[in-house]
Amino acid sequence: MTEVPRTLEVEDLNVVFKGRRGLPTVHAVRDVSFHIGKGETLGLVGESGSGKSTTARGLMRLVEPASGSVRLNGRDLTRMSRGELRRARRDIQMVFQDPYSSLNPSRVIGLSIGEPLEVHEDLTASDRNERVRELLRKVKLSPDFYERYPYEFSGGQRQRIAIARAIAVNPSLVVCDEAVSALDVSTQNEIINLLEDLREELGTSYLFIAHDLAVVRHISNRIAVMYLGRLLEEGPAERVFTQPAHPYTQALLAAVPSPDPSQRLVDRAALFTGELPDPSDPPSGCPFRTRCRHVMEVCAQSMPEATPVDGGGAVRCHLQSSGPALAGRSLVDLGESTVNLEPGH
Ligand code: SF4
């Protein structure tokens, strides 16, 4: 099988926010590694506070990583001067949850979409104007909307405008940070379909960040699951959904609502309890141990090594690396019985 060329390769990325004025130091991203092939989508999931957005900001050097490397089309962003980085950033664009943060409310949307073209491409005003109209067509909006203001659009339309702006300079990678989280389900589907069409047409790669696993399922080729700054599981989307290997991934899947309980991928008893621990004072060993129903003594002593999983990808859990005869196989695959976490059990 020929391997897809890699658009992005992140290796051992660490981001540390140093404590100031009495605030504690937070190691927000720890030893995170992943890659995204050309025209592929990596879904990065985890609860709010797990370090997903900080990973995205770190790889773009919007926050300076403490260590690690980030190669975009083979060039290491962490070794670039400020000037080189500014030019390289043309190749990574972002779409945020709230398009108001990137669209100037007092500018007509045509001018906002054209901004990256103004910065990165030497075009006449009329060529730029024509390109913006083309971009509006690409995101399935009327070119006549050029002269309108952001407040005149619905949330879904504003997200289409933000996408038009993001793809204006044909980037290799678009980072979608909770880009559909604020939309209703049918608008979410429309935006995801649009992103898929654009990926097909332009060969763009996506890093698709969401707290909801259900949202990333259809768009992602691979899924990476983060918790307290660590990647706990990574693998092909189909494998992660049908045979989640990490107790945390199982718990996230169990939380996905399903109209038909018999169709639920993982039993609700896999749900965890309690809150995300304080990121400035994470548990020793496995970061998930304070909420894990399988916790063992060894879990407090050391962080599990990444272990390959049948079906592709890897998981960090002592049950998989040194547990009783699991040897990298999914707990679901093994038909493991579930434990009731309701009070009184
Ligand atoms: Fe649970 Fe231990 Fe695996 Fe962590 S390492 S997920 S605490 S079993």
Side-chain angles (χ1 to χ4, degrees), residues 39 41 43 52-53 56-57 60 62 86-212 215-216 218-219:
T41 300
K52 309 178 300 286
S53 297
R57 290 169 64 78
M60 294 174 76
L62 294 172
R86 236 190 333 272
R87 287 190 290 280
R89 281 213 188 112
R90 166 204 168 109
D91 246 355
I92 313 185
Q93 298 290 321
M94 282 193 93
V95 179
F96 297 96
Q97 179 170 354
D98 175 12
Y100 268 125
S101 60
S102 52
L103 296 175
N104 183 336
S106 59
R107 288 192 101 186
V108 296
I109 57 132
L111 291 178
S112 289
I113 295 172
E115 263 166 24
L117 293 168
E118 237 177 295
V119 175
H120 296 292
E121 292 199 9
D122 194 16
L123 294 174
T124 64
S126 87
D127 284 350
R128 193 160 57 238
N129 188 303
E130 193 37 50
R131 281 275 288 277
V132 169
R133 288 172 194 277
E134 236 177 80
L135 286 161
L136 281 167
R137 277 187 215 103
K138 265 198 204 315
V139 298
K140 304 197 171 54
L141 291 175
S142 164
D144 299 338
F145 290 169
Y146 189 105
E147 300 289 346
R148 298 203 187 167
Y149 289 89
Y151 74 85
E152 298 181 64
F153 296 94
S154 68
Q157 287 174 319
R158 279 200 293 269
Q159 213 48 305
R160 287 173 189 270
I161 296 163
I163 292 167
R165 192 184 133 106
I167 61 167
V169 287
N170 239 332
S172 307
L173 178 72
V174 174
V175 177
C176 301
D177 191 357
E178 302 279 7
V180 299
S181 303
L183 305 173
D184 62 69
V185 174
S186 77
T187 316
Q188 273 184 356
N189 289 338
E190 285 172 23
I191 297 293
I192 286 174
N193 289 340
L194 171 68
L195 289 167
E196 284 182 325
D197 290 348
L198 293 171
R199 176 174 68 185
E200 201 114 305
E201 187 184 336
L202 308 171
T204 318
S205 306
Y206 296 120
L207 175 59
F208 197 91
I209 297 173
H211 60 274
D212 183 349
V215 165
V216 301
H218 294 293
I219 196 171

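To the nearest 0.5 angstrom, Asp98 atom CG is 11.5 Å from Asp177 atom CG. Distance check, rounded to the nearest 0.5 Å: CG of Leu123 to CD of Glu130 gives 11.5 Å. Rounding to the nearest 0.5 angstrom, the gap separating the CD atom in Glu115 from the CZ atom in Arg165 is 4.5 Å. Atom CG of residue Leu141 and atom CZ of residue Arg148 lie 10.0 Å apart, to the nearest 0.5 angstrom. The CD1 atom of Ile113 lies 8.0 Å from the CG atom of Leu103; values are rounded to the nearest 0.5 Å. Distance check, rounded to the nearest 0.5 Å: CG of Leu194 to CD1 of Ile163 gives 5.0 Å.
Between Lys52 and His211, some side-chain heavy-atom pair lies under the 4.5 Å cut-off. At least one side-chain heavy atom of Val215 sits under 4.5 Å from a side-chain heavy atom of Ile192. Side-chain contact check for Glu190 versus Leu183: every heavy-atom pair is 4.5 Å or farther apart. Inter-residue side-chain proximity for Ile109 and Leu136 is flagged as met; some heavy-atom pair is nearer than 4.5 Å. Between Met94 and Leu62, the closest side-chain pair of non-hydrogen atoms falls below 4.5 Å. For the pair Glu152/Gln157, no side-chain contact is recorded, criterion being any heavy-atom separation below 4.5 Å from C-beta on.
The minimum heavy-atom distance between Val95 and Gln159, with the atom names listed, is CG1-OE1, 3.6 Å. Residue Thr204 comes nearest to Pro171 through the heavy atom pair CG2-O, 3.7 Å, listed as atom of the first residue, atom of the second, then distance. Nearest heavy atom pair, residue Ala179 against residue Cys176, reads CB-CB, 3.8 Å. The nearest pair of heavy atoms linking His120 to Arg90 is O-NH1, 3.4 Å. The two residues Arg131 and Leu117 make their nearest non-hydrogen contact at NH2-CD2, 3.4 Å. Val169 and Gln93 get closest at one heavy-atom pair: CG2-NE2, 3.9 Å.
In this structure, the side chain of Gln188 engages the main chain of Val180 through a donor-acceptor pair within 3.5 Å. Proximity of a side-chain donor or acceptor of Tyr206 to a complementary backbone N or O of Leu195 within less than 3.5 Å is detected. Proximity of a side-chain donor or acceptor of Asn193 to a complementary backbone N or O of Asn189 within less than 3.5 Å is detected. For Ser205 (side chain) and Gly39 (main-chain N/O), a donor-acceptor pair under 3.5 Å exists by modelled atom type. A donor-acceptor pair under 3.5 Å links the side-chain atoms of Arg133 to the main chain of Pro143, judged by distance alone. For the pair Arg89 (side chain) and Met60 (backbone), a donor-acceptor distance under 3.5 Å is present.
In this view, Phe96 satisfies the ring pair (Phe, Tyr, Trp, His ring centres under 6.0 Å) rule with no residue, not counting sequence neighbours. Residues that satisfy the side chain to side chain donor-acceptor pair (under 3.5 Å) test with Ser172, not counting sequence neighbours, are Asn73, Asp91.
We find that Asp197 and Lys140 are joined by a salt bridge, their nearest charged nitrogen and carboxylate oxygen being less than 4.0 Å apart. Under 4.0 Å is where a charged nitrogen must lie from a carboxylate oxygen, and between Arg128 and Glu121 no such pair does.
Side-chain polar atoms of Asp184 and Thr187 form a donor-acceptor pair below 3.5 angstrom.
Within 6.0 Å of CZ in Arg107 there are more than 12 heavy atoms belonging to other residues, nucleotides or ligands.
For residues 132-151, the ring pair (Phe, Tyr, Trp, His ring centres under 6.0 Å) pairs, not counting sequence neighbours, are Phe145-Phe153.
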